[in-house]
Amino acid sequence: MLPFFVYGTLRPGEHNHDRFLRGRTCAEEPARLPGAVLYDGPGYPYVIEDVDGDGDGTVLGELVTASPDGYHELSAVLDELEDYFGPDDPRNVYVRVARDVETARGSVTAWVYVAADVMARELRARGTVIPGGDWTARKAPTRPQAPAAPRTP
């Protein structure tokens, strides 16, 4: 059972993290996906593997390990969220692929949802690359922030 590499709205502080991951994981740690580019697509971020480029792209995210008793449920929930219907299904918006990601502990093979072919072609032609490959750095977190404490003179 592979862990999942998440890079967009499932990252801590983003609106889908608590909704889909809270209580379903036993570990989360920073990770990087080399050889990929992150695009700001319609509504959500999309990873596109850098097969035509120089391979220098990197996407930042988290490696999420599902709780052992909830692995199959989490996998099904994420497949539904990512509009992944199975291998070679033309309805796929994302495709789930096994890729090596880098963590502080070393390389780990994980499931990664990458843009399906049709979406990848569209994004390569007209999409906007997110510089640095970090979804959370491109905008403020979507989780409400606590107001700052009043300052006293």
Side-chain angles (χ1 to χ4, degrees), residues 1-124 127-139 141-143:
M1 293 188 285
L2 297 178
F4 297 87
F5 175 76
V6 300
Y7 53 84
T9 66
L10 289 166
R11 290 182 72 184
E14 295 296 317
H15 68 275
N16 280 333
H17 180 271
D18 288 351
R19 183 175 174 201
F20 293 100
L21 298 180
R22 183 180 294 259
R24 292 182 166 135
T25 66
C26 61
E28 297 180 18
E29 63 182 298
R32 301 167 10 116
L33 174 65
V37 178
L38 189 61
Y39 281 82
D40 191 357
Y44 301 96
Y46 292 82
V47 160
I48 297 178
E49 294 180 289
D50 192 17
V51 294
D52 298 329
D54 55 18
D56 287 341
T58 299
V59 175
L60 304 181
E62 268 69 42
L63 183 68
V64 175
T65 302
S67 299
D69 58 342
Y71 183 86
H72 295 292
E73 176 190 357
L74 179 59
S75 180
V77 164
L78 294 180
D79 283 352
E80 182 176 346
L81 173 68
E82 306 294 4
D83 288 326
Y84 173 68
F85 299 95
D88 302 318
D89 191 304
R91 299 172 295 166
N92 288 338
V93 175
Y94 292 88
V95 178
R96 181 169 33 100
V97 296
R99 295 294 181 262
D100 290 336
V101 299
E102 300 169 353
T103 71
R105 299 179 289 120
S107 182
V108 176
T109 301
W111 290 122
V112 181
Y113 291 91
V114 301
D117 288 342
V118 171
M119 180 62 74
R121 280 193 301 275
E122 179 71 23
L123 288 168
R124 281 189 184 108
T128 302
V129 173
I130 297 174
D134 187 355
W135 173 256
T136 60
R138 67 165 272 292
K139 62 181 192 62
T142 56
R143 180 180 292 167

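Values reported hereafter were calculated over all heavy atoms of this structure, with side chains retained and with hydrogens, waters and symmetry mates removed.
Here the side chains of Asp79 and Glu82 are not in contact, with every heavy-atom distance at 4.5 Å or above. No side-chain heavy atom of Pro30 sits less than 4.5 Å from a side-chain heavy atom of Thr103. Using a 4.5 Å heavy-atom threshold, the side chains of His17 and Thr9 count as separate. Side-chain atoms of Trp135 and Glu14, non-hydrogen and from C-beta on, do get closer than 4.5 Å to each other. A 4.5 Å side-chain heavy-atom check between Leu74 and Leu21 finds at least one atom pair inside the cut-off. You'll find the side chain of Met1 stays beyond 4.5 Å of the side chain of Ser75, heavy atoms only. Contact of the Arg32 side chain with the Asp134 side chain is not registered, since no non-hydrogen atoms from C-beta on lie closer than 4.5 Å.
For Val129, the side chain to side chain contact (heavy atoms under 4.5 Å, CB included) test picks out Val37, Tyr39, with sequence neighbours left out. In this structure, Phe20 has no ring-ring contact (aromatic ring centres under 6.0 Å, His included) partners at least two apart in sequence or on a different chain. With sequence neighbours excluded, the residues that form a side chain to side chain contact (heavy atoms under 4.5 Å, CB included) with Ala98 are Leu2, Thr109, Trp111. Qualifying ring-ring contact (aromatic ring centres under 6.0 Å, His included) partners for Tyr46, counting only residues two or more places apart in sequence or in other chains: Tyr94. For Glu122, the side chain to side chain contact (heavy atoms under 4.5 Å, CB included) partners are Arg126, not counting sequence neighbours.
Heavy atoms only, all atoms of each residue included: Ala120 and Ala115 are closest at N-CB, 4.0 Å. The shortest non-hydrogen separation linking Arg99 to Val112 is CB-CG2, 4.1 Å.
Distance check: Thr58 OG1 to Glu102 CD gives 7.0 Å after rounding to the nearest 0.5 Å. With rounding to the nearest 0.5 angstrom, the CG atom of Leu10 is 5.5 Å from the CG atom of Leu81.
Under the 30°/60° scheme for interplanar angles, the aromatic rings of Tyr113 and Phe4 are found to lie parallel.
In this structure, the side chain of Asn92 engages the main chain of Phe85 through a donor-acceptor pair within 3.5 Å.
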Stepwise side-chain contact (heavy atoms from CB on, under 4.5 Å) check, Val47 with Leu33 = CA-CA 9 Å; Val47 160; Leu33 174 65; 3.8 Å; yes
Go through the steps to decide whether Arg91 and Asp83 satisfy the test salt bridge (charged side-chain N to carboxylate O under 4.0 Å, His left out), and finish with yes or no.
-> CA-CA 8 Å; Arg91 299 172 295 166; Asp83 288 326; over 6 Å; no
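By the neighbour-count criterion of 12 heavy atoms within 6.0 Å, atom CD of Glu29 is densely surrounded, having more than that number from other residues, nucleotides or ligands.
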Give every donor-acceptor pair under 3.5 Å between a side-chain atom in residues 59-67 and any protein atom, sequence neighbours left out.
unit_1, atom_1, unit_2, atom_2, d
Glu62, OE1, Arg11, NE, 2.7
Ser67, OG, Arg24, O, 3.4
Ser67, OG, Thr25, O, 3.4

